[in-house]
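In listed order, ligands and their atoms are each counted from 1.
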Amino acid sequence: VASLEIDELTKTYGRTKALDGVSFSAGRGVIGLLGPNGAGKTTLLRMVATVLAPDSGSLRLLGLDPADPAQRIDIRRRLGYLPQSPGLYAGFTPFDLVDYVAVLKEHTDRDWRRDETRRVLESVGLADVMHQKIRRLSGGMKQRVALAAAMVGSPDLLVLDEPANGLDPDQRLQLRSLLSQSSTVLMSTHNISEVGALCQSVYVMFSGRVRFAGTPAELAGLA
Ligand code: ADP
Ligand code: ADP
């Protein structure tokens, strides 16, 4: 069963067709959404993250229907989301924030949560600052806190909006192994070289539509 089945999604804001009939389906692996600013990437990712409903069209995520409230809850437990501008509670520490996200996903075992929270924060290189207030961290560190929060519990479906934002070249390289922890990852980027480095398949969006679907190698062959 495909992890992601997206059928004819539309979304209009005023006169702007943010999504103008987007369809695709994808199985496992890292799937890249490539496109310029305004192409509709964030709008699509928000639908896959179940925080925005389409005007028309349908989605199935992990075989479940986000339009159904009970199924939406199951999807959210199994999904990790890094929004475009993550709002982090500045007075929390990275440890508290990631632990809190784990609570929201109904991981009730405190010892398990403590170990898992440490694991994801170590995996993004934040072991040394996990008990400092988020407001004292650099922009790149905040991005990694948000990434760790998305990854807690090794979600089956990871939805990442511009995950490389604010990361230095070394940290970008580390993204590759982080992404391999989830069976399906959908990530946006406006950087074609990132797609080649991180993704197994790629969808190129322009003006609310998918204009290309294939592998990064096939896309490079067109350039
Ligand atoms: P991308 O992530 O590819 O930059 P977006 O999905 O953010 O694209 O935006 C697609 C289009 O929809 C843009 O023209 C954007 O201005 C518009 N848009 C997105 N969200 C809103 C919103 N909440 N209100 C009004 N217009 C929006
Ligand atoms: P509930 O408590 O019922 O889960 P929420 O407010 O948490 O209610 O969720 C409702 C949200 O689910 C809405 O904001 C809507 O945007 C979102 N949603 C996401 N995907 C869909 C979908 N495919 N159909 C309907 N609603 C959806």
Quiz item: Near Ala67, which atoms of ligand 2 are under 4.0 Å from a heavy atom of that residue?
Solution: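 In order of number, 22 (C), 23 (N), 24 (N), 25 (C).
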Exercise. Looking only at distances, please establish whether an N/O atom of ligand 2 is found under 3.5 Å from an N/O atom of Ala53.
Key: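 There is such a contact, yes.
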Quiz item: Should Arg76 be counted as touching ligand 2, given the test is an N or O pair under 3.5 Å?
Solution: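 Yes; at least one N/O pair falls below 3.5 Å.
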Exercise. For the residue pair Phe95 and His131, categorise the inter-ring angle as parallel (less than 30°), tilted (30 to 60°) or perpendicular (more than 60°).
Key: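 Judged by the thresholds at 30° and 60°, the geometry between Phe95 and His131 is tilted.
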Quiz item: Below 3.5 angstrom, do we get any N/O pair linking Lys41 and ligand 1?
Solution: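 Yes: some nitrogen or oxygen of Lys41 is under 3.5 Å from one in ligand 1.
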Among all protein heavy atoms in this structure, tell me which lies nearest to [atom], with the distance rounded to 0.1 Å.
| atom | result |
| --- | --- |
| atom 17 (C) of ligand 2 | Thr50 O, 3.5 Å |
| atom 20 (N) of ligand 1 | Tyr13 CE1, 3.3 Å |
| atom 8 (O) of ligand 1 | Gly40 N, 3.0 Å |
| atom 12 (O) of ligand 1 | Ala18 CB, 3.3 Å |
| atom 6 (O) of ligand 1 | Thr43 OG1, 2.6 Å |
| atom 10 (C) of ligand 2 | Arg72 NH2, 3.4 Å |
| atom 7 (O) of ligand 1 | Thr42 CB, 3.6 Å |
| atom 14 (O) of ligand 2 | Val51 O, 4.0 Å |

Within a 6.0 Å radius of atom [atom1] on [X], are there more than 12 heavy atoms belonging to other residues, nucleotides or ligands?
| X | atom1 | result |
| --- | --- | --- |
| Asn37 | CG | no |
| Tyr89 | OH | no |
| Arg28 | CZ | no |
| Phe24 | CZ | yes |

Quiz item: Would you call Asp65 a ligand 2 contact, heavy-atom distance under 4.0 Å?
Solution: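 Contact check Asp65 vs ligand 2: negative.
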Quiz prompt | Region of Pro54 that comes within reach of ligand 2 [heavy atoms, distance under 4.0 Å] | solution =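 Side chain only.
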Quiz item: Using heavy atoms and a threshold below 4.0 Å, how should the contact between Thr16 and ligand 1 be classified: side chain, backbone, both, or neither?
Solution: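 The answer is the side chain of Thr16.
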Practice problem: Report yes if the side chains of Leu126 and Leu137 come closer than 4.5 Å at any heavy-atom pair, otherwise no. | Solution: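 Sidechains of Leu137 and Leu126: no contact.
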Looking at every non-hydrogen atom in both residues, tell me the closest pair between [X] and [Y] and how far apart they are.
| X | Y | value |
| --- | --- | --- |
| Ser56 | Thr10 | OG-OG1, 2.7 Å |
| Gln171 | Gly166 | OE1-O, 4.5 Å |
| Thr43 | Ala18 | OG1-CB, 3.8 Å |
| Lys105 | Val152 | NZ-O, 3.9 Å |

Quiz item: Are Gly38 and ligand 1 in contact, using a heavy-atom cut-off of under 4.0 Å?
Solution: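 The answer is yes, since Gly38 has a heavy atom less than 4.0 Å from ligand 1.
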Self-check item: Pro36 heavy atom under 4.0 Å from ligand 1
Solution: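 Flag set, Pro36 near ligand 1.
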Quiz prompt | Pairing of Arg119 and Glu116 as salt bridge, 4.0 angstrom limit | solution =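 Looking at Glu116 together with Arg119, the answer is yes, because their closest N to O distance falls below 4.0 Å.
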Self-check item: Contact bool for atom 4 (O) of ligand 1 (protein heavy atom, d < 4.0 Å)
Solution: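 Within 4.0 Å of atom 4 (O) of ligand 1, protein heavy atoms are found.
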Quiz item: Could any protein non-hydrogen atom be found less than 4.0 Å from atom 25 (C) of ligand 1?
Solution: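 It does; a protein heavy atom is within 4.0 Å.
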Quiz prompt | Option passing side chain to side chain donor-acceptor pair (under 3.5 Å) with Glu162 (candidates Gln143, His190, Lys41) | solution =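 In the set Gln143, His190, Lys41, the residue that makes a side chain to side chain donor-acceptor pair (under 3.5 Å) with Glu162 is His190.
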Practice problem: Provide the number and element of each atom of ligand 1 under 4.0 Å from a heavy atom of Ala39. | Solution: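 That gives atoms 1 (P), 3 (O), 8 (O) of ligand 1.
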Quiz item: At a 4.0 Å threshold, what atoms of ligand 1 neighbour a non-hydrogen atom of Asn37?
Solution: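 Selected atoms, number and element: 4 (O).
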Quiz item: Is it the case that Arg72 and Thr50 place a side-chain donor and acceptor less than 3.5 Å from each other?
Solution: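 Judged by distance alone, the side chains do not pair up.
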